[in-house]
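Reading through the structure tokens given below for one structure.
Per chain, numbering begins at 1; letters A, B, ... match sequence-line order.
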Amino acid sequence: MSEIPKAYEPQSVEEKWYQFWLDQKCFVADPSRVSEKRPAYSIVIPPPNVTGMLHMGHVLNNTIQDILSRKARMDGKEVLWLPGTDHAGIATQVQVEKALKKEERKTKYDLGREEFLKRVWTWKEKHGGIIINQLKKLGCSCDWTRERFTMDPEYSRCVQKVFVELYKKGLIYRGKRMVNWCPVSQTALSDEEVEMKPQKGFMYHFKVEVAESAELLGSAPASGAGASALAGDRRHDALSNASEKSTSQNAADEASAATPVAGVLPGPDGKIWLTIATTRPETIPGDTAVAVNPKDTRYAHLIGKHIIRPLPIQLPPEQKLIPIIGDEHVDFEFGTGVLKVTPAHDKADFEIGQRHKLPLVDIMNPNGTMNDLAGESLAGLDRFEARKVAVERLKELGVLVEEKPYENNVGYSQRADVPIEPRLSEQWFLKYPAVEQSKACVEHEEKGSTPAPGVVARALAGNSERLASQNVPDSSTPPNVTDGASVTAPEAGALPNKMHFHPQRWAKVYDHWLTNIQDWCISRQLWWGHRIPVWYLRHKGNAASAASVLKPAYEKFLGIWDVLKLDDLQEIDPQNFMLNADQLSGNEFEFRLCAICSDDEAKWLIDHGFTQDPDVLDTWFSSWLWPFATMGWPEKTPTLKAFYPTTDLVTGPDIIFFWVARMIMAGYEFMGDLPFKNVYFTGIIRDKQGRKMSKTLGNSPDPLELIAKYGADALRFGTMRSAPLGQDVLFDEKDVELGRNFCNKLWNACRFRQMQGQGAADILSAENGNFRQDVGSTFEVEGEICRELLTSDDKWILLKLDQAIREVTTALAEYKFSDATAALYRFFWNEYCDWYVEASKATLRPVETLNRENVESGSGSTNQPFNHSTSATAQKQNTLAVMDFVLSNTLRLFHPFLPFITEELWHGMGFNKDLPEAQGGKTIMFAHWPKPLDDDFKSHYGLDETDEQFVNAKYELVTQGRNLRREGNIQAGKKVKFVFKPAGELNPLDAEVLKILLNAESLEVNANYAPKKGTPQVLSPLGELFLPLEGLIDVEAEKARLKKELEKHEIEIQKVLAKLNNPNFTEKVPPAVLEEHKKRLEDWRAKKQKVQSALDALS
RNA sequence: GCGCGAUUAGCUCAGUGGUAGAGCAUUACCUUCACACGGUAGGGGUCGCAGGUUCGAAACCUGCAUCGCGCACCA
């Protein structure tokens, strides 16, 4: 017989079968096959960044999607798992810029927009396939014929169409707002792209002089009442006071010596000083007011007065004068209760500025350096450098009162990891559509995860067919909701469908976000992305001349026009403008066209003096259309009709706002229906210490290396096993190792089975280390199981299989992947391999060894006659049939988790042989998902609790017997004689099983056995087991062990007794529980009795 | 500040009212003809703390503590 490797070698196997699946078009979804009997199942992949690399998060995510897809195929559904990649605006552009800098020492500006974009496309072509190939290595069964990219021409048209539609609806608008500006990428960001991080810095207290000091001190006792007395023009006085401002260190010292509590410091120099707390002194030059709370009695009287802004120093005093205003926003508990207002560099300050019509002084450049308005000493410096310098200047002026360490939260740019700069700029915004519908559609039940009603029951629906006819399609599965009508929007308010989040708690987070939703800044100052489909033409001259310039374009395009009179920023209705241009005033106009343009049209517009908006759209503005834009929308394609709405979405909770919520809104807005029915949120993958995976920490393992080392199946299994529903996953390579070990176990269990079959040597081949079937082999697969020949172990394993099928099916229906793998692991390793395979050796061993000489019958044995010569072969064949049945079901249960090895074994074992092509004959992918054994099956084969309990007792006896060996210090490998004194009848086959499991040299079955004093023994419901080892056993040690056991049992007995003696318990407890307790007491007492007897036997 | 999770064996985690579990790690023994990526048998836990509900709580309720996450933030 040729050697097959003892260990499973995944590499060539995985390669081979993936190619096979591709060649056979196993992953391709065909909408025309969808019918009531063959419902659709669909998932769209969360598109990875096109130039990204596979990381553990992807592994988790995509393994789950693959499991769901493969399970759905085995359920007889038409499955579409739609793959693709995301252009990932900033990330990709930054990558290319870096490469450009490194390789050519150039910036994107050196190349210009067009050339730079060419480079990005080249980069995309070169790197874009990497992650796709990595997904293939993982075994993902995506329909690659439908692979999409967010910048495919068709996809881009969807993006433009959506933009134009929302623009028409008035939901997209352009405006000058405070946005989150990233000084590194030099673009605006959405609120979601800003991450708050605690940052250690300083809180600076500095004092400013109130310009009207003299006036205040002179005419009013420094009380709040004085304010009104100072009405009138104070400007001149204030200015002259300011110019006399003392900068002497002396004065400053005196001032700071006074208690700062009040915030108002009337110094001996005859001036009133206000103390201001800030973390950003470098923005002082941009201050245009100082604000206090009008209810704050300390300061209210100063409202309307002015302070002299200390920076920049060089300015003449009159230019430093800024007003003190009253605003409710100011918290008088915080700091000194005096707030410097910098409307151009702070969101809250901007709003205060709006309320008080304050001027905006922008003192920074887009790259985060200070501009000339910041003053000589700061201009040109980076903002953080400028902060230090500003503090120095304040010190020099003697106005710095305090500087203390302070930690506050600062918004960081997620991408560039630098603090964002609130900045006023002109951007495009979107008012989110369909918010209310999106909120209403997510199920908000209080408790537990809710699989769609009936899913579990349906999944478990029994099978009344016999073994031979396991291949009938499951018609009990109701069709998916995939009516083509959903392509058109239903009437408003008609929302029968609900969406389920798993775990449900994310619904609350989702809800909260939708409730407090802010308009979405969708424009980015990047080059890589979907360019905003808006064109501008500026015209200087009167309205009539402007109208004549616009005319050709106006007539050519049906797009939406806006006309803006730039003189006073007034919008004019375009039609009105074209008709009545001669009567309209104005000398400068801007025309704005929002339309989808072909290349030719774009060229035409450029030729006619139009320019396109230079900005591109936020990447998520394309991703949010993913579920339908990938299916051919706006055409009502067969794919869209058959597979939208999708069934499941699998993603990380970190993009619940970025992506999930927005897809839901887009789904409603453009398709009139929810885009998916279930959302499964994975956990976040962390390292062993619970830290997030990150490149800088270097704690992120390369999945490809893991696959090379352990195999894709191992990686998948290990990941699934350690990923409980909704919990973060602490990744440990040990888990993958466990996966590999498990695959190896599966491999060897099948190898064992193969070695039993006739002509095993022909069936097994060492080539490639793979299982191969020999065409000429007469080897039989899944032969008829004969009821009469079933051993108790056979029945036991069939019942365990039934249980495993139920557990795995239920777990999958509830998205509990770690439960499913745990059930599979337990069933296959602990039940099938540890017990059943070992027990089966009783019938599988060569006939000559299954000989009554080894199962000695004592006198008076009640054993049935056991005719080996005639029945042994049949018995063996029957056991093999059971094994084949169990293994065939097992492989199918495993297939979604371990696609490669199961396919290899499915063929290697020949399980595909008698099946129709489309139902497992070609590939296990389409073999039917195992159904639980139903009552007909069980009664036909006589499977019931009796057998299960008997076998449990048998195995328990074995464990006790092995214990005796250990206590007798018998080495694990050594064979010894056991004697068994049965309590009733004992089938010789069961005796043989006992012998094998005990690794006994022989097992004497003797109902009349009279042990010598001191023979170690165990007692079980099946009888007494003796280990006659005169002189070899340490009697005292054995006694000690038994005594310890006795104590243990006594404790248990006392525990149960305590309960049973409590009248409260016996009266109130449900009868079933009472019975159970009584039985428990009996059990423990019986056990104790047996140990006691054993102990007595020793002395 | 608001919200959400977590707290069970050395580690990572299951466990939705009725006898405390798994994997890893660990100890001892074993290369027995499927598998040392293996087998057999062990050891190891007052289930974060304090109250309450209950005949009965790891589980349910109320506080508290610690850790983590999200949202919102006061300069």
Base, sugar-phosphate alone, or nothing: which one does [X] contact when heavy atoms must sit under 4.0 Å apart?
X        : result
R962(A)  : sugar-phosphate
A822(A)  : nothing
N408(A)  : sugar-phosphate
K841(A)  : base
P1070(A) : base
C743(A)  : nothing
V837(A)  : base
D349(A)  : nothing

State whether [X] places a side-chain N or O below 4.0 Å from either non-bridging phosphate oxygen (OP1 or OP2) of [N].
X       : N       : value
T959(A) : rA41(B) : yes
K340(A) : rA75(B) : no
K734(A) : rC37(B) : no
N744(A) : rG38(B) : no
W506(A) : rC69(B) : no
N963(A) : rG42(B) : yes
Y406(A) : rA75(B) : yes

Candidates [options] - which lies nearest the side chain of [X]:
X        : options                   : value
L730(A)  : rA75(B), rG3(B), rU12(B)  : rU12(B)
D819(A)  : rU19(B), rA14(B), rG39(B) : rA14(B)
D331(A)  : rA75(B), rC71(B), rA34(B) : rA75(B)
R721(A)  : rU19(B), rA22(B), rA14(B) : rA22(B)
L738(A)  : rA75(B), rC24(B), rC37(B) : rC24(B)
F752(A)  : rG38(B), rA75(B), rA34(B) : rA34(B)
E838(A)  : rC35(B), rG18(B), rG39(B) : rC35(B)
E1076(A) : rG18(B), rG3(B), rC37(B)  : rG18(B)

Roughly how many Å apart are [M] and [N], using the [atom1] atom of each and rounding to a whole number?
N       : M       : atom1 : answer
rG15(B) : rC30(B) : P     : 39 Å
rA58(B) : rA36(B) : C1'   : 37 Å
rU16(B) : rA57(B) : C1'   : 11 Å
rU66(B) : rG48(B) : C1'   : 8 Å
rC71(B) : rC13(B) : P     : 23 Å
rU54(B) : rC2(B)  : C1'   : 34 Å
rU8(B)  : rG23(B) : C1'   : 15 Å
rA6(B)  : rU12(B) : C1'   : 13 Å

Quick one: [X] [atom1] to [N] [atom2], roughly how many Å, whole number?
X        : N       : atom1 : atom2 : result
F817(A)  : rC13(B) : CZ    : P     : 19 Å
D296(A)  : rA75(B) : CG    : P     : 18 Å
N741(A)  : rG38(B) : CG    : C1'   : 9 Å
R505(A)  : rG3(B)  : CZ    : C1'   : 12 Å
M755(A)  : rU32(B) : CE    : C1'   : 14 Å
H512(A)  : rG1(B)  : NE2   : C1'   : 12 Å
N1062(A) : rG56(B) : CG    : C1'   : 9 Å
R740(A)  : rC24(B) : CZ    : C1'   : 14 Å

Short N-O contact, K340(A) and D287(A), less than 4.0 angstrom: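 D287(A) and K340(A): salt-bridged.
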Is it true that R280(A) and D349(A) make a salt bridge, defined as a side-chain N closer than 4.0 Å to a carboxylate O?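 No salt bridge links R280(A) with D349(A).
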Side-chain-base donor-acceptor pair under 3.5 Å for Q960(A) and rA41(B):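 Answer no: no donor N or O sits under 3.5 Å from an acceptor.
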Base rC35(B) to side chain K745(A), donor-acceptor N/O within 3.5 Å cut-off: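 Checked by distance alone, the answer is yes.
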With a 3.5 Å limit on both atom pairs, tell me what [N] is paired to, counting Watson-Crick and G-U wobble, or say none.
N       : result
rC35(B) : none
rC60(B) : rG52(B)
rC47(B) : none
rU16(B) : none
rU27(B) : rA41(B)
rC69(B) : rG3(B)

Residues in side-chain contact (heavy atoms from CB on, under 4.5 Å) contact with F350(A), at least two apart in sequence or another chain: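 With sequence neighbours excluded, F350(A) shows a side-chain contact (heavy atoms from CB on, under 4.5 Å) to M178(A), Q354(A), L360(A), L424(A), given in chain and number order.
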Can you tell me if N748(A) uses its side chain to pair, donor with acceptor, with the backbone of N744(A) under 3.5 Å?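 Indeed, once roles are kept as given, a pair shorter than 3.5 Å links the two residues.
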Treating R716(A) as the side-chain partner and L898(A) as the backbone partner, does any N or O pair qualify as donor plus acceptor under 3.5 Å?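 Flag not set: sc R716(A) to bb L898(A) has no pair under 3.5 Å.
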CE on M56(A) to CG on L706(A), rounded to 0.5 Å: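 The CE atom of M56(A) is 6.5 Å from CG of L706(A), to the nearest 0.5 Å.
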Mapping E192(A) and D834(A) onto RNA chain B by nearest heavy atom, which one lands closer to the 5' end?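 Closest to the 5' end, via its nearest nucleotide, is D834(A).
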Between D735(A) and E333(A), which has a closest nucleotide on RNA chain B that is more 5'?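 Counting from the 5' end, the first nearest nucleotide belongs to D735(A).
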Parallel, tilted or perpendicular, as decided by the 30° and 60° cut-offs, for the rings of H502(A) and Y815(A):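 Rings of Y815(A) and H502(A): tilted, as their planes differ by 30° to 60°.
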Which atom pairs, donor and acceptor, lie under 3.5 Å between side-chain atoms of residues 718-725 of chain A and protein residues at least two apart or in another chain?
from	atom 1	to	atom 2	distance (Å)
T719(A)	OG1	L715(A)	O	2.6
S722(A)	OG	G718(A)	O	2.9
S722(A)	OG	T719(A)	O	3.4

Which residue, F501(A), Y510(A), W506(A), forms the side chain to side chain contact (heavy atoms under 4.5 Å, CB included) with V679(A)?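 Of the listed options, the one satisfying the test is F501(A).
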Using a 6.0 Å distance limit plus a 45 degree cone around the ring axis, check whether K841(A) lies over the aromatic ring of F752(A).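 Geometry flag: set, cation within 6.0 Å and 45°.
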